[in-house]
Amino acid sequence: MEILDKSLNFIEQIVTEDLASGKHQEVISRFPPEPNGYLHIGHAKSICLNFGLPQKFGGRCNLRFDDTNPEKEEMEYINSIKEDIKWLGFDWGDHIYYASDYFDQLYDWAVLLIKDGKSYVEDLTAEQIREYRGTLTEPGKESPYRNRTIEENLDLFTRMKNGEFKDGDRVLRAKIDMASPNLNMRDPVLYRIKHAHHPRTANKWCIYPMYDFTHGQSDALEHITHSICTLEFEDHRPLYEWFLNNLPVPSKPRQIEFARLNLSYTVMSKRMLLRLVQEKVVDGWDDPRMPTIAGIRRRGYTPEAIKAFADRIGVNRMFSTIDFALLEHFLRDDLNKKALRVMAVLDPVKLIIDNYPDNQEEMVEADNNPEDENSGTRQIAFSKELYIERNDFMEFAPKDFFRLSIDKEVRLKHAYFVKCTHIVKDDTGTITEIHCTYDPNTRSGNSTDGRKVKGTLHWVSVKHAKEAEVRLYDHLFAQENPYDVAEGKDWIETVNPNSLVKIKAYIEPSLTEAKPSVPYQFLRNAYFCVDSKYSTPSNPVFNRIITLKDTWAKLQKK
RNA sequence: UGGCCUGUGGUGUAAUGGUAACACAAGUGGUUUUGGUCCAUUCGUUUGAGGUUCGAGUCCUUACAGGCCAGCCA
């Protein structure tokens, strides 16, 4: 067990107590996704928790697909989920399971419940069941079929399994308490008829167990010690325990609920994410704007940043919404350490050094990452004509503008000091050329006479630069809380229309060899990575992972 | 007008009956060959009321606020 230098969250405290009391020798958790969509950053929180516990206290975490609803589940999702968990850096070893592995056992237990007089076949329609269920404030009433004989129930349930009835004709229900203030205890449905092809059991079954009848027993079969789920299952805990207490299960797991992750400027509901995909608001589940693991991976987020984030936000039972800026902080923190610094100009304007020899070019040395002394240096071509960022020049500059202006001197990163002499504009008044002179004695970026400059600009050599498509991303939703929409309005209208802007940029030549998942810092601008889906050597595409903090932009807004 | 759960800076998380701490955000200074990084600094008596106690963010009562539940979804 590793040394715990940090206070324990409430679940870790429970685990610590269970280990200390001898109730358990190790912690066995499980991550139980339903393969009906892609995993998102909210799942990442759960994955870090469930896989983190055994890493910290000893034990293991099973991966278990909760595949009890064949109408919504697909192999594509199973595969993506496995890939995403691995990418985050977690390993389930041999412990991969499927709820469908337990369908036979579950069926036997359903029969046992019938024999014990604790469950019955229901003939009422779905709508009638709803009417009989009562409301939040009124008790339900018992079904006329509630007191069928055991023999009749057995016969009917067997015939349900044998496919003698159509979808929806009958269900199997537990016989608990129609007057319970907890709706989940008002004779919950255990099995429903679905003549559907299942991704794993194919056409073996036409009846499928409900979540409630599956989850706890699956946990018990796997000897899960702590079954961690989100808060909305809190009301299901009495039912979870009812099954464990009324069935001869091999172990008694404990369900513990925690609050799911909410993040500002995004949504975490699989239903909503699916709609964004289906209506092509985004470019698939792995669109770099999506909060899915696949999306943020393609965007260039790192597993380390996500894990540091998950660690910081903690685990509790309070409803809260985390500031997206906190996730961005951990991203920047990690990228700052790793990203190679390169130069690229996203909104170019030509800078011409009039006193630099026409056909001369020279190589200047650039450090790859000042945060990493082992990252080395590279050579960059410098010449008479360069591109710099349009917003690094201002014709009429305020005194706190450190960049280039007429008669002002700045440093070209890794190269020379240049001083602007004049500019050239076209008919519309747009600047087309910025003319400068350079000081040959400032090579590598420092003066010999002690002269200082306030500003340092990045640049690329016109002659040597390559073109690339650059995709600039912003929050997928324009408002902090996408759920906050006026009555009658559709949440999809809150999607940020500027969440993706594609531009053409000039990059330094070394970047044509960039590989996906390797982060770069385009100096003074943002972190980028090659897009794994669309980038090719001849047409490189870069995704903006996240901007650098920009104090100047902040000042300008005032 | 049922049941269950939760209330600590702007945001999120600690403090396990004994000096309210940390991170993010925001602001202000400093350093800097990235207006990045880094460093320093400012910002809350814990939802309200009552109670127990030498002592309460922590325990009790109550009010208020927020969340979840009436799928043959999970």
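Since the model is a prediction, treat every value here as computed from it, not as a measurement. Proteins come first, then strands; the chains are lettered A, B, ... in the order of their sequence lines, and each starts at number 1.
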Within this structure, what is the [atom1]-to-[atom2] distance between [X] and [N], rounded to whole angstrom?
X      : N      : atom1 : atom2 : answer
A:D400 : B:rU28 : CG    : P     : 12 Å
A:F213 : B:rC72 : CZ    : C1'   : 15 Å
A:L457 : B:rU32 : CG    : C1'   : 16 Å
A:D333 : B:rA25 : CG    : P     : 10 Å
A:E371 : B:rU31 : CD    : P     : 19 Å
A:R186 : B:rG2  : CZ    : P     : 13 Å
A:F330 : B:rU13 : CZ    : P     : 13 Å
A:F319 : B:rU11 : CZ    : P     : 13 Å

When we call it a touch if two heavy atoms are under 4.0 Å apart, what does [X] touch: a base, just sugar-phosphate, or nothing?
X      : result
A:K194 : sugar-phosphate
A:S264 : nothing
A:H458 : nothing
A:V189 : sugar-phosphate
A:E34  : sugar-phosphate
A:K554 : sugar-phosphate
A:E328 : nothing
A:I129 : base
A:R312 : base
A:I322 : sugar-phosphate
A:H236 : base
A:N525 : nothing
A:I313 : sugar-phosphate
A:L326 : sugar-phosphate

Item checked: Atom NZ of A:K419: over 12 foreign heavy atoms under 6.0 Å ->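 It does not: A:K419 NZ has 12 such atoms or fewer within range.
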**Prompt:** Taking everything shown except A:R260 itself, do over 12 heavy atoms lie less than 6.0 Å from its CZ?
**Reply:**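 No - once you tally the heavy atoms of other residues, nucleotides and ligands closer than 6.0 Å, there are 12 at most.
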Taking atom [atom1] in both [N] and [M], compute the distance separating them and give it to the nearest angstrom.
N      : M      : atom1 : value
B:rC22 : B:rU8  : C1'   : 13 Å
B:rA26 : B:rC43 : C1'   : 9 Å
B:rG9  : B:rA14 : C1'   : 13 Å
B:rC38 : B:rC24 : P     : 8 Å
B:rU31 : B:rU37 : C1'   : 11 Å
B:rU45 : B:rU11 : P     : 14 Å
B:rC54 : B:rA40 : P     : 43 Å
B:rA20 : B:rU46 : P     : 11 Å

What class does the angle between the rings of [X] and [Y] fall in, given that below 30° is parallel, 30 to 60° is tilted and above 60° is perpendicular?
X      : Y      : answer
A:W205 : A:Y107 : tilted
A:Y191 : A:F157 : perpendicular
A:Y98  : A:F65  : parallel
A:F103 : A:Y208 : perpendicular
A:Y520 : A:F542 : perpendicular

*Presence of A:R133 side-chain N/O under 4.0 Å of B:rC72 phosphate oxygens OP1/OP2*: yes
Kindly point out which of [options] is positioned nearest to the side chain of [X]?
X      : options                : value
A:R403 : B:rC73, B:rG35, B:rC72 : B:rG35
A:R130 : B:rA25, B:rA70, B:rC5  : B:rA70
A:N69  : B:rC73, B:rA26, B:rU13 : B:rC73
A:T137 : B:rA70, B:rU1, B:rC24  : B:rU1
A:K549 : B:rU16, B:rU37, B:rC4  : B:rU37
A:N9   : B:rA74, B:rA14, B:rG35 : B:rA14
A:N336 : B:rG36, B:rG7, B:rG2   : B:rG36
A:L183 : B:rC73, B:rU37, B:rC69 : B:rC69
A:M210 : B:rC72, B:rU13, B:rU34 : B:rC72
A:L136 : B:rA70, B:rU37, B:rG35 : B:rA70

(Q) Please confirm whether the ring centroid of A:Y240 lies under 6.0 Å from the ring centroid of A:H236. (A)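 So the answer is no for these two rings.
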Parsed dot-bracket for RNA chain B after applying the Watson-Crick and G-U rules with both distances under 3.5 Å and | for other-strand partners is .((((((..((((....[..)))).(((((.......)))))....(((((..]....))))))))))).....
Is there, by distance only and without an angle test, a donor paired with an acceptor across the side chain of [X] and the base of [N] below 3.5 Å?
X      : N      : answer
A:R170 : B:rC72 : no
A:D550 : B:rG36 : no
A:E127 : B:rG71 : no
A:R332 : B:rU37 : no

Quiz item: Between A:N441 and A:T448, does any side-chain donor sit less than 3.5 Å from a side-chain acceptor?
Solution: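 Result is no, nothing qualifies.
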Going by atom types only, do A:T302 and A:D334 share a side-chain donor-acceptor pair under 3.5 Å?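 Looking only at side-chain atoms, A:D334 and A:T302 do form a donor-acceptor pair, the distance falling under 3.5 Å.
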Under 5.5 Å centre to centre and under 30° between planes: does that hold for A:F233 and the six-membered base ring of B:rA74?
no
| said: Tell me whether A:W552 and B:rG35 count as stacked here, given that the ring centres must be under 5.5 Å apart and the planes must differ by less than 30 degrees. | reply: yes
Practice item. Taking syn as within 90° of 0 and anti otherwise, name the glycosidic form of B:rG71. Key: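 Chi for B:rG71 falls in the syn range.
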Hits for ring-ring contact (aromatic ring centres under 6.0 Å, His included) against A:F324, two or more places apart or cross-chain, chain-then-number order -> A:H475
>> Run A:R200 and A:E73 through salt bridge (charged side-chain N to carboxylate O under 4.0 Å, His left out) and show every step you take.
In response: CA-CA 10 Å; A:R200 290 184 56 83; A:E73 297 154 7; over 6 Å; no
